[in-house]
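For reference, the structure is listed below as structure tokens.
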Amino acid sequence: MTRSDNLTGALLMMASMACFTFNDTAMKAMAGDVPLFQLLLLRGLITTVLVAVIAWRMGALRARLPRRDWGLMALRTAAEVGAAYFFLTALFNMPLANVTAILQALPLTITLAAALFLREPVGWRRMVAILVGFAGVLMIVRPGTDDFNFYAVYALLAVGCVTVRDLSTRRLSKDTPSMFVTLLTSIATMTIFGLLSLGVDWAPMGIREAGLVGTASLLIIGGYLFSIMVMRVGEISFIAPFRYTGLLWAMLLGFVVFGEWPATLTLLGAAIVVGSGLFTLYRESQLGRKRPLAQPPRRH
């Protein structure tokens with residue numbers, strides 16, 4: 001029996017989230033053993049080579065960016081660098097599930113930022129859902145309490161950077177291939193962290209560390225590819241909620257690999273964030289059906 005497009009899209013979304021979360025686990029496993037900038041440079045080298053080969057095979061290297069897109073690419077790259085630094089710094093100093101739970105606020109922050117900066121309409125229902133979701137984030141972070149971890153601020157800064165990255169991506173010309181954008185971003189990010197790594201003492205790496213870096217590179221490439229493939233099949237309103245399976249993977253891997261389990265209040269906050277995000281996605285799908293003349297999602 002042939003799988004439906006929606007089921008295929010859901011499986012691709014879950015595969016993408018699994019790849020990203022396993023990548024996070026591999027990187028966190030080297031925390032304290034290898035400097036962050038060294039890790040990002042080495043992972044960036046492998047990732048850039050693999051992305052370049054894939055982009056070449058897809059014919060994306062022949063793309064030419066319009067002049068207006070270069071400014072957006074610069075903004076996107078800066079946001080990508082910030083997101084990588086803040087997220088991994090938080091990840092190295094917090095439980096995997098906690099950091100992942102904070103990142104689940106992304107659909108809410110992107111919806112809010114699109115309303116504020118791109119003038120996209122947001123009704124009162126979605127605005128209430130966003131506020132409720134932010135209350136859930138506060139339950140995870142718990143500022144001012146003994147359980148507060150300063151690195152949670154880094155996770156929030158990573159959310160802000162990813163929001164800027166995704167909004168700038170949405171403003172790129174529809175004819176610009178995703179793999180071309182990914183390659184340029186990978187090259188720039190690798191170069192920046194390579195320069196930063198010159199200011200730190202490099203740590204020797206054994207077979208374990210080399211294997212983890214290679215594994216993380218392959219996994220993040222898999223995450224990128226699956227996330228691109230997701231946009232080509234099925235209804236995004238059906239597929240998007242499956243992004244939250246990343247939180248389930250983070251809880252499982254955090255417990256099995258690092259012996260971590262979120263506190264009850266963290267789990268409750270994560271449930272509120274996920275519920276708010278699901279409602280926001282549902283409302284967007286409902287409004288999309290009411291606006292049949294709206295432009296369809298860009299397919300790269």
Side-chain angles (χ1 to χ4, degrees), residues 16-44 46-47 79-106 109 137 140-143 147-166 185-186 189-190 192-193 196-197 200 203 205 208-209 211-224 227 243-263 266-267 269-270 273-274:
S16 174
M17 293 300 102
C19 284
F20 284 130
T21 311
F22 274 86
N23 160 74
D24 297 340
T25 304
M27 295 293 284
K28 183 176 174 63
M30 292 180 283
D33 298 329
V34 184
L36 175 59
F37 294 154
Q38 179 182 346
L39 283 176
L40 286 169
L41 171 60
L42 295 175
R43 189 185 70 175
I46 300 173
T47 302
E80 185 75 57
V81 171
Y85 172 73
F86 289 125
F87 173 75
L88 287 174
T89 302
L91 182 66
F92 285 7
N93 294 277
M94 290 178 62
L96 175 61
N98 288 37
V99 181
T100 307
I102 293 173
L103 256 67
Q104 303 312 305
L106 275 170
T109 60
V137 171
I140 299 170
V141 176
R142 296 193 291 279
D147 295 327
F148 174 70
N149 186 327
F150 174 77
Y151 290 101
V153 177
Y154 279 62
L156 292 172
L157 290 172
V159 170
C161 288
V162 175
T163 302
V164 173
R165 182 200 68 187
D166 287 357
T185 305
S186 182
T189 303
M190 175 192 66
I192 292 171
F193 283 118
L196 291 173
S197 70
V200 301
M205 297 176 61
R208 171 183 175 271
E209 289 78 18
L212 286 171
V213 170
T215 300
S217 302
L218 293 175
L219 287 168
I220 202 167
I221 288 294
Y224 283 139
S227 62
R243 72 184 307 276
Y244 293 110
T245 56
L247 180 57
L248 300 179
W249 279 115
M251 293 171 61
L252 176 62
L253 291 171
F255 178 74
V256 173
V257 179
F258 306 110
E260 305 166 345
W261 188 254
T266 299
L267 291 173
V273 172
V274 170

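Scope of the values below: all heavy atoms of this structure, side chains included, with no hydrogens, waters or symmetry mates.
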Q: Quick one: list whatever passes side-chain contact (heavy atoms from CB on, under 4.5 Å) with Thr215, sequence neighbours left out.
A: Leu219
Q: Under the salt bridge (Lys or Arg N to Asp or Glu O under 4.0 Å) rule, collect the residues that match up with Arg243, sequence neighbours excluded.
A: none
Q. Any side-chain heavy atom of Leu42 within less than 4.5 Å of one from Met205?
A. yes
Q.
As an exercise, state the distance from OG of Ser217 to CG of Leu212, rounded to the nearest 0.5 Å.
A. 10.5 Å
Q) Distance from Leu253 atom CG to Thr25 atom OG1, nearest 0.5 Å? A) 4.0 Å
Q: Supply the atom-to-atom distance Met27 CE to Ile220 CD1, rounded to the nearest 0.5 angstrom.
A: 8.0 Å
Q | Shortest non-hydrogen separation from Ile102 to Ala155 and the atoms involved | A | CD1-CB, 3.8 Å
Q) Where the side chain of Asn98 meets the backbone of Thr266, is there a donor-acceptor pair that is under 3.5 Å apart? A) no
Q: List the steps and the verdict of side-chain contact (heavy atoms from CB on, under 4.5 Å) for Val153 and Phe148.
A: CA-CA 10 Å; Val153 177; Phe148 174 70; 3.9 Å; yes
Q.
Working note: Asn23 + Arg43, criterion side-chain contact (heavy atoms from CB on, under 4.5 Å); need CA distance, chi angles, decisive distance, verdict.
A. CA-CA 11 Å; Asn23 160 74; Arg43 189 185 70 175; 3.3 Å; yes
Q | Donor-acceptor contact below 3.5 Å, side chain Gln104 vs main chain Ala270 | A | no
Q.
If you count heavy atoms of other groups shown closer than 6.0 angstrom to OH of Tyr151, is the number above 12?
A. no
Q: Tell me, with the steps shown, if Val213 and Met30 meet side-chain contact (heavy atoms from CB on, under 4.5 Å).
A: CA-CA 9 Å; Val213 170; Met30 292 180 283; 3.8 Å; yes
Q) Quick one: does Thr189's side chain have a donor or acceptor within less than 3.5 Å of a partner on Ser186's backbone? A) no
Q: Take Phe193 and Leu39, measure what side-chain contact (heavy atoms from CB on, under 4.5 Å) needs, and give me the verdict at the end.
A: CA-CA 9 Å; Phe193 283 118; Leu39 283 176; over 6 Å; no
Q.
Tell me if the CZ atom of Phe255 is crowded by more than 12 foreign heavy atoms within 6.0 Å.
A. no
Q: Just say parallel, tilted or perpendicular for the rings of Tyr85 and Tyr154, cut-offs at 30° and 60°.
A: tilted
Q) From Ile140 CD1 over to Leu267 CG, what is the distance, rounded to the nearest 0.5 angstrom? A) 9.0 Å
Q.
Can you pull out every salt bridge (charged side-chain N to carboxylate O under 4.0 Å, His left out) where at least one residue sits in residues 17-32? Sequence neighbours excluded, please.
A. Lys28-Glu260
Q. If you take all heavy atoms of Ala101 and Val273, which pair is closest and at what distance?
A. O-CG1, 4.3 Å
Q | Nearest heavy-atom neighbours spanning Pro262 and Met251 | A | CG-CG, 4.5 Å
Q: Can you see which heavy atom on Arg142 is nearest to which on Ala263, and at what distance?
A: NH2-CB, 4.2 Å
Q. What distance do Thr163 atom OG1 and Leu106 atom CG have between them, rounded to the nearest 0.5 Å?
A. 5.0 Å
**Q.** Distance, nearest 0.5 Å, that separates CH2 of Trp249 from CG of Leu96
**A.** 12.0 Å
Q | side-chain contact (heavy atoms from CB on, under 4.5 Å) partner of Pro35, the single match among Val200, Leu40, Leu196 | A | Val200
Q | Option from Leu157, Val81, Leu91 for which side-chain contact (heavy atoms from CB on, under 4.5 Å) with Phe86 holds | A | Leu157
Q | Over all atoms of both residues, closest heavy-atom pair of Ser227 and Ser16 | A | CB-OG, 3.7 Å
**Q.** Nearest heavy-atom neighbours spanning Ala105 and Val137
**A.** CB-CG2, 3.7 Å
